[in-house]
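In what follows, a structure is listed as structure tokens, so that the remarks can point back to it.
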Amino acid sequence: MGYAAIISNTTGTASAAPNDIPKVSFNHNGGITDMTPILTVKDKILTKLGHPEDEQSAEYKSLIYAVHRGDSLSFNFDKEPSQVDAFLIDYETDYSTLWALAKTETGEYSANTPSPGLYNLEVHAIYPDGEYVSYSKLINVVDNDINLLSLTPKSNLCGNELSIDKLTAMGSPANGVFNQIINQPLMKGLSFGIVDELNIQLPDTKNVCGFQLGLKNSQNDINFFAVQSSDDGSIYSDPIVFSNTGFSGEMPEKYIYPSSVEAKFLKIIPLGSTLEKGLGVTGFKLFGH
């Protein structure tokens, strides 16, 4: 995937917005809607161009676009990216939650969230010249067939914290290699420091749907990492790629898989970042159904 070679180390932030940012729009049911660039990293400078919209800001600034749950979305780029990841993000929960969108065989993405509601549709794109840009558009995910009386609140979805048997940090973490029995709550007041890879082992095979990850200096840094799962610790699944938003301050963010997996072993592997070397992990929790 080559993220580490693409993303350079950042030395600071900037307030002036670049004027040559590639444009992105998304297609839905024959309609085309422009997306707004909100953060870019170029030439070692991270620039926040704006903030993700919420319900109050959208009332004045934009029309909230409606998408039916499970609909297909595709994206148009005026400059071909080398890597694209798409998410539906809820910034209004206790911890910002990112639902990774599954990519279909036709190259489209499925807007399949467990619950209807307002989400920021975000595209995180890396271009061949090394520029990273995140784009956003507030959308309303609707489901006319759902029974609203039985609706599960978004904050409770993928919310069962799983016990972890072993958590090993490979590389040069500040506190050495973790290879011990850890009881929940996990890593309370503990920091790994800089690590190259996290290896997680559960007591037995569980249905895993996502995880919560705290990262050092995440408000000024974009980290890219891949997650792989295995039921035997030998053969691992294809990676699911995530990146933090840069808009959650020092708070952790929650990352939800496109679909849950049966796993006893997981790996979280850094692919590169704009500032830190490896992952500066400050907290980790695993969730299942």
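Along the sequence shown, residues are numbered consecutively beginning with 1. Predicted, not measured: the structure shown is a model, and the values here were computed from it.
- Transitive grouping of hydrophobic side chains (ILVMFWY, heavy atoms separated by less than 4.5 Å) keeps Phe284 and Phe265 in distinct clusters.
- Taken to the nearest 0.5 Å, the CG atom of Leu266 stands 10.5 Å off from the CG atom of Leu198.
- Checking side-chain atoms of Lys23 against main-chain N and O of Asp34 turns up no donor-acceptor pair under 3.5 Å.
- Between Tyr255 and Phe225, the ring planes lie perpendicular to each other; the angle is over 60°, past the 30° to 60° tilted range.
- Under a 3.5 Å cut-off, the side chain of Ser237 and the backbone N or O of Ser229 do form a donor-acceptor pair.
- Tyr236 and Phe211 fall into different hydrophobic clusters, where Ile, Leu, Val, Met, Phe, Trp and Tyr side chains are chained together by heavy-atom contacts under 4.5 Å.
- The distance from the OG1 atom of Thr33 to the CZ atom of Phe75 is 11.0 Å, given to the nearest 0.5 Å.
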His124 vs Ser243, test: side chain to side chain donor-acceptor pair (under 3.5 Å). Steps then yes/no.
CA-CA 8 Å; His124 298 176; Ser243 55; 2.7 Å; yes
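- Here Lys264 contributes atom NZ and Asp232 contributes atom CG; the two are 10.0 Å apart, rounded to the nearest 0.5 Å.
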Stepwise side chain to side chain donor-acceptor pair (under 3.5 Å) check, Asp231 with Thr205:
CA-CA 7 Å; Asp231 57 6; Thr205 300; over 6 Å; no
May I have the step-by-step check of side-chain contact (heavy atoms from CB on, under 4.5 Å) for Val67 and Val142, ending in yes or no?
CA-CA 6 Å; Val67 174; Val142 298; over 6 Å; no
Intermediate values then yes/no, side chain to side chain donor-acceptor pair (under 3.5 Å), Thr40 and Thr47:
CA-CA 5 Å; Thr40 182; Thr47 306; over 6 Å; no
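- Between the side chain of Gln228 and the main chain of Asp238, no donor-acceptor pair closer than 3.5 Å is present.
- At distances below 3.5 Å, not a single donor-acceptor pair connects side-chain atoms of Asn120 with backbone N or O atoms of Pro52.
- Pro37 approaches Val133 most closely through the heavy-atom pair CB-CG1, 4.0 Å.
- For Tyr65 and His28, the distance between ring centers is under 6.0 angstrom.
- Between the CD1 atom in Ile89 and the CH2 atom in Trp99 there is a gap of 10.0 Å [rounded to 0.5 Å].
- For an aromatic pair to be called close, the ring centres must be under 6.0 Å apart, and Tyr132 with Phe224 satisfies this.
- Side-chain contact, Thr245 with Glu253: a donor N or O sits under 3.5 Å from an acceptor N or O.
- Both the sub-6.0 Å distance and the 45° axial angle are satisfied by Lys254 relative to the ring of Phe287.
- With rounding to the nearest 0.5 angstrom, the CG atom of Asp85 is 12.0 Å from the CD atom of Glu122.
- Hydrophobic clustering of Ile, Leu, Val, Met, Phe, Trp and Tyr side chains at less than 4.5 Å, counting indirect connections, keeps Ile222 apart from Tyr95.
- A donor-acceptor pair under 3.5 Å links the side-chain atoms of Asp71 to the main chain of His68, judged by distance alone.
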